[in-house]
Peer 1: 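Just dropping this structure here.
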Amino acid sequence: MNSYCIVSDSCLDFSPEEMKAKGVELVPINTVMDEVEYGLNREKISLEDFFQKIKEGARPTTVAANPADYQDFFEKFLKEGKDLLYIAFSSGLSSSYANARLAIEDLKGTYPDRKIGLVDTRSASVIESLVLAMALREQAAGKTMDQVVDYLEEKIPYTKVEFIIDDLFHLERGGRISKTKAIFGTALKVVPILSMDLEGKLYLSESVRGRKKALGTILSHLKENIDPDLYDEVYVSYSSSGKEAASLKEAIEALGFKVHLYEMSLTIAAHTGPGCLVLAYGSKKKRD
């Protein structure tokens, strides 16, 4: 039986060292600011410097990988006689998934003996990291590509993510939420908690007064809903609030769970802005 590679993209949160150790390569979903294109996780700029440029008036945009980008990325594996499975950024937030599908259809004609799998994670940030980890675990257990795809399609609806956001206008500028919701949340001076639905789109799930209460809320949700049988590790990332994220990590570890803590990828931070904290885990409850 031919082995297969698992690949993903830069919309998940990760450490370069960890991806290298796991042998996972990432498709760059690039960020452009001041006519400079930034690729994978902060190769050219730190998040601190990135947010300083935004504060000074720069406006970043993210650019979906196009079909040609995907063809070039996938083809280097196919030329080596390898099959591959792409764990993709949410189709509900970007055209990247659709572009990857187009590239795969074209490549099937050129490489009829190779197999290319595609999974719409309906996820981003650390929840996409969680889905990737689930795929790698199943592969390590000896599951075929088809078995991994079927497993993820069944279990992704039971992955849960919550974002604490300081400023909804970053999401509004990127077209991820409506201007009405951004104005509403800011005017009430509340801390919004966002999640992702079954289609992989962001929605405002709750608003609370005060950041401390928001942290307590998402921790309470985790205690109530986490399903260790699905996945017994938790994923946390942050865009600027490292100390806060470390405190959340400690609180979750006190519950007996291993926690993966990452600085947020540039691609996601471009839409959330500073002060974003993200928590992801396997849940007993299905996404809304």
Peer 1: Could you tell me whether a side-chain N or O of S123 sits under 3.5 Å from a main-chain N or O of S90, the two making a donor and an acceptor?
Peer 2: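 Absent.
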
Peer 1: Begin from the C-alpha positions of L279 and H221 and carry the test side chain to side chain contact (heavy atoms under 4.5 Å, CB included) through to its verdict.
Peer 2: CA-CA 10 Å; L279 170 64; H221 290 167; over 6 Å; no

Peer 1: Could you tell me the separation between the OG atom of S239 and the CD1 atom of I165, rounded to the nearest 0.5 Å?
Peer 2: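 Output value for this atom pair is 7.5 Å.
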
Peer 1: Can you see which heavy atom on I268 is nearest to which on C11, and at what distance?
Peer 2: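 What the structure gives for the nearest pair is CG1-O, 3.3 Å.
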
Peer 1: Could you check M134 against T159 for side chain to side chain contact (heavy atoms under 4.5 Å, CB included), going step by step and ending with a plain yes or no?
Peer 2: CA-CA 10 Å; M134 291 165 62; T159 55; 4.0 Å; yes

Peer 1: Just checking R211: does its CZ atom have more than 12 heavy atoms from other residues, nucleotides or ligands closer to it than 6.0 angstrom?
Peer 2: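 Atom CZ in R211 is packed in, count exceeds 12.
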
Peer 1: Can you tell me how far apart NZ (K284) and CG (D229) are? Round to the nearest 0.5 Å.
Peer 2: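 The CG atom of D229 is 9.0 Å from NZ of K284, to the nearest 0.5 Å.
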
Peer 1: If we ignore hydrogens and angles and just use 3.5 Å, is the side chain of D13 paired with the main-chain N or O of Y262 as donor and acceptor?
Peer 2: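 It does not hold such a pair.
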
Peer 1: Check for a donor-acceptor pair, side chain of S15 on one end and backbone N or O of E18 on the other, with a separation under 3.5 Å.
Peer 2: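 Confirmed, S15 side chain pairs with E18 backbone.
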
Peer 1: Measure the spacing between CD1 of I104 and NZ of K108 and express it to the nearest 0.5 Å.
Peer 2: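 Taking CD1 in I104 and NZ in K108, the distance rounds to 7.0 Å.
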
Peer 1: My understanding is that only one of T31, N30, T267 makes a side-chain contact (heavy atoms from CB on, under 4.5 Å) with S10; could you say which?
Peer 2: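 Answer to the side-chain contact (heavy atoms from CB on, under 4.5 Å) test with S10 among T31, N30, T267: T267.
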
Peer 1: Can a side-chain donor-acceptor contact be found between D288 and Y203 if the only test is distance below 3.5 angstrom?
Peer 2: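 Yes, side-chain donor-acceptor contact under 3.5 Å.
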
Peer 1: Do T217 and E206 have side-chain atoms, one donor and one acceptor, less than 3.5 Å apart?
Peer 2: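 No, E206 and T217 have no side-chain donor paired with an acceptor closer than 3.5 Å.
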
Peer 1: Is a donor on one side and an acceptor on the other found under 3.5 Å between the side chain of Q139 and the backbone of Y4?
Peer 2: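 Judged by distance alone, yes, a pair lies under 3.5 Å.
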
Peer 1: Do the rings of Y235 and Y231 sit parallel, tilted or perpendicular, given the 30° and 60° boundaries?
Peer 2: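 Judged by the thresholds at 30° and 60°, the geometry between Y235 and Y231 is tilted.
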
Peer 1: Suppose we call two aromatic rings close when their centres sit under 6.0 Å apart. Are Y70 and Y86 close by that rule?
Peer 2: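 Centroid separation for Y70 and Y86: below 6.0 Å.
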
Peer 1: Using modelled atom types and a 3.5 Å cut-off, is there a donor and acceptor pairing between side-chain atoms of S195 and backbone atoms of V161?
Peer 2: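 Yes; judged by distance alone, with no hydrogens or angles, the pair exists.
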
Peer 1: Taking the side chain from R287 and the backbone from D197, do they hold a donor-acceptor pair closer than 3.5 Å?
Peer 2: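 Yes; judged by distance alone, with no hydrogens or angles, the pair exists.
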
Peer 1: Count the heavy atoms of every other residue, nucleotide or ligand shown that sit under 6.0 Å from NZ of K79, and state whether that count exceeds 12.
Peer 2: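 Result for NZ/K79: open.
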
Peer 1: Does a side chain donor of either T62 or H271 reach within less than 3.5 Å of an acceptor in the other side chain?
Peer 2: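 Yes, because at least one side-chain N or O of T62 sits under 3.5 Å from a partner of the opposite role on H271.
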
Peer 1: Mind listing the closest non-hydrogen atom pair of P60 and A270 along with its distance?
Peer 2: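 Minimum heavy-atom contact is CG-O, 4.1 Å.
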
Peer 1: For the pair S96 and I29, evaluate side chain to side chain contact (heavy atoms under 4.5 Å, CB included) and give the outcome as yes or no after the intermediate values.
Peer 2: CA-CA 8 Å; S96 292; I29 309 296; 3.6 Å; yes

Peer 1: Using a 3.5 Å distance criterion without hydrogens, assess whether the side chain of D72 forms a donor-acceptor pair with backbone atoms of D69.
Peer 2: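 Side chain of D72 to backbone of D69: no pair is present.
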
Peer 1: For L255 and L219, run side chain to side chain contact (heavy atoms under 4.5 Å, CB included): C-alpha distance rounded to whole Å, both residues' side-chain angles, the deciding distance at 0.1 Å, then the answer.
Peer 2: CA-CA 10 Å; L255 300 174; L219 184 60; 4.3 Å; yes

Peer 1: Verify whether one side chain among E48 and Q52 offers a donor that lies under 3.5 Å from an acceptor in the other.
Peer 2: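 No, no side-chain donor-acceptor contact under 3.5 Å.
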
Peer 1: If hydrophobic clusters are built from ILVMFWY residues whose side chains come within less than 4.5 Å, do L230 and I87 share one?
Peer 2: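 Shared cluster, yes.
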
Peer 1: Check whether more than 12 heavy atoms from other residues, nucleotides or ligands sit under 6.0 Å from atom NZ of K285, and answer yes or no.
Peer 2: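 At most 12 heavy atoms, drawn from other residues, nucleotides or ligands, come within 6.0 Å of this atom.
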
Peer 1: Would you say L136 and F14 are hydrophobically clustered, going by side-chain heavy atoms of ILVMFWY under 4.5 Å?
Peer 2: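 Same hydrophobic cluster.
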
Peer 1: With rounding to the nearest 0.5 angstrom, report the SG to CD distance, C276 to E244.
Peer 2: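 Result: 10.0 Å between the selected atoms.
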
Peer 1: Between L277 and V236, is any pair of side-chain heavy atoms under 4.5 Å apart?
Peer 2: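 Yes, close enough: below the 4.5 Å cut-off.
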
Peer 1: Roughly how far, to the nearest 0.5 Å, is the CZ atom of F73 from the CG atom of L84?
Peer 2: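 One finds 8.0 Å between CG of L84 and CZ of F73.
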
Peer 1: Quick one: pull up CG in L132 and OG in S8 and give me the separation to the nearest 0.5 Å.
Peer 2: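 Rounded to the nearest 0.5 Å, the CG-OG separation comes out at 5.0 Å.
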
Peer 1: I need the minimum non-hydrogen distance between F77 and V7, along with the two atoms involved.
Peer 2: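 In this case the closest contact between F77 and V7 is CZ-CG1, 3.7 Å.
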
Peer 1: Might you work through the salt bridge (Lys or Arg N to Asp or Glu O under 4.0 Å) test for R122 and E153, ending with a clear yes or no?
Peer 2: CA-CA 10 Å; R122 284 94 79 194; E153 292 296 341; 3.3 Å; yes

